[in-house]
Amino acid sequence: MASLTRRVFLGTAAAAGLVRPAMATLPATLHAAPGTAQLAPEGYDPTPIWGYDAGVPGPVIRVAQGGRVTRQLANDLPQPTSVHWHGIRIDNAMDGVPGMTQAAVEPGGRFDYDFVAPDAGTYWYHPHNRTWEQMARGLYGALIVEEPEAPAVDADHVLLIDDWRLDENAVIHESFGQMHDWAHAGRLGNWVTVNGHPDWQREVGQGARLRLRLVNTANARIFPLVLQGMTAHVIALDGQPVAEPFPVEELTLAPAQRADLIADITAEEGETAWVLERDRDGMLSVAGFPVTGVARTEGLPQPAALAPNPVPALGPLDTAKRAELLMEGGAMGGMQGAMMGGRQMGMREMAAQGKVWAFNGMADMPETPLIQADRGETVVIAMVNDTAWPHAMHLHGHHFRRLGPDGPGPLRDTLLMERGESAEIAFVADNPGKWLLHCHMLEHSAGGMMTWIEVT
Ligand code: C2O
Ligand code: CU
């Protein structure tokens with residue numbers, strides 16, 4: 001594909017001094033529009049992209065917990081689009097799902113988003129129409145909901161980590177809709193950026209305490225991340241505080257997942273602290289923190305837990321409403337066919353219509369929901385990944401807990417399931433409306449891994 005190659009991590013700090021664009025007062029309009037971004041190093045032309053306010057990433061939207069977000073989407077793209085506010089337990093009408101919660105916004109059209117953000121934490125926004133193309137072209141941004149009492153840090157950085165498929169001129173590869181990507185791991189790229197930058201770095205003082213908000217905005221790439229030159233604790237996952245912050249040196253971020261870290265810089269002056277990606281060829285740099293000067297000499301106490309968000313506690317699980325979800329299909333999966341358009345189809349005929357996966361034997365959006373729950377009911381969904389691929393299962397409008405031998409795990413909105421893995425998730429269906437449950441590997445959801453639940 002491209003001769004553009006990522007810099008292999010050598011442990012040397014490249015020249016820093018990169019300045020983040022000033023955060024001007026946000027317009028009430030969010031323009032989805034073509035633009036350019038310097039995704040590749042200097043020397044390459046800027047890459048034509050589609051972005052919110054014509055940039056990559058879109059503006060960081062910040063709001064106090066419980067506050068309102070109001071943005072008018074103006075669609076200046078050549079395609080219909082919408083905005084989904086990922087992870088926000090939102091009013092259903094604002095969830096941004098064309099054909100389910102709103103009509104897609106046509107080119108030249110507008111749509112008013114207006115909602116309350118009930119939970120503090122790290123969230124993000126992206127289109128929900130031809131997402132596999134629109135996100136791959138650069139449409140995404142961070143939505144930060146601020147705690148009333150945020151932990152004291154020297155700096156708070158949002159790191160939107162993306163994976164691009166660029167050609168040798170740093171132009172986005174037009175290979176959208178390729179069945180090979182659909183049936184395998186999704187659209188994997190060859191170029192990683194943080195906040196739209198190929199070599200994102202920020203200077204820090206030795207001993208500085210940072211809050212790092214990591215977000216995986218890739219179509220399909222799972223990032224195995226390694227932290228170096230810092231002592232880090234996870235304080236939140238997918239926006240939701242963990243009950244007890246825990247130390248972390250390596251973490252895996254599946255598409256759409258987030259992790260909030262408190263990172264104390266231990267690298268010494270002249271060194272660089274790193275967020276790295278573990279790759280089969282070694283370590284690749286993702287983000288760097290060159291140490292200049294000393295922020296403090298004595299260590300700080302371990303970070304305290306964040307205050308929990310107002311997510312309802314699970315009710316009794318033995319009387320919970322249950323559903324099973326069998327995930328099938330893809331290459332090397334052995335699926336023979338599935339229901340599509342109301343009849344059974346073989347794989348070949350399905351693939352000709354862009355479908356290669358199925359949930360419970362259905363390859364297109366079922367007319368009836370996977371589960372119909374009364375408001376306030378506790379729901380358990382038992383998922384079985386009977387495919388040869390990992391999947392990042394995302395539920396709209398709710399956060400769930402994975403049930404494990406030690407009890408329910410942390411609240412999440414996206415769960416990575418390895419090939420052959422089973423998982424039970426539980427949540428309180430307290431948000432009325434129609435909510436998608438889909439794989440966040442965007443080629444997989446477009447290829448059939450999509451269903452919905454209804455809360456009445
Ligand atoms: Cu990030 Cu259906 O969403
Ligand atoms: Cu998937």
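Counting starts at 1 for both ligands and their atoms, following the listed order.
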(Q) One thing to verify: whether Arg412 and Asp238 come together as a salt bridge, which I'm taking to mean a side-chain N less than 4.0 angstrom from a carboxylate O. (A) yes
Q. Under the criterion ring pair (Phe, Tyr, Trp, His ring centres under 6.0 Å), which of His86, His84, His440 is the partner of His396?
A. His84
Q.
Could you check, using the six-membered ring where one of them is a Trp, whether Tyr125 and Tyr113 have ring centers closer than 6.0 angstrom?
A. no
(Q) Checking Thr81 against Gln134: is there a side-chain donor and acceptor pair closer than 3.5 Å? (A) yes
Q | Side chains of His398 and Asn431, donor plus acceptor under 3.5 Å | A | no
Q. Can you tell me if Thr193 and Trp164 form a side-chain donor-acceptor pair at under 3.5 Å?
A. yes
Q. Protein N, O or S atoms at less than 2.8 Å from the Cu ion (ligand 2), how many?
A. 3
Q) Can you name the one residue among His444, Arg187, Glu443 that meets side-chain hydrogen bond (donor to acceptor under 3.5 Å, both in side chains) with Asn219? A) Glu443
Q. Is Glu349 salt-bridged to Lys355, going by a charged N under 4.0 Å from an acidic O?
A. no
Q) Is the shortest side-chain N to carboxylate O distance from Arg89 to Asp430 below 4.0 Å? A) yes
Q | Listed protein N/O/S atoms, distance to atom 2 (Cu) of ligand 1 under 2.8 Å | A | His128 NE2, His396 NE2, His438 NE2
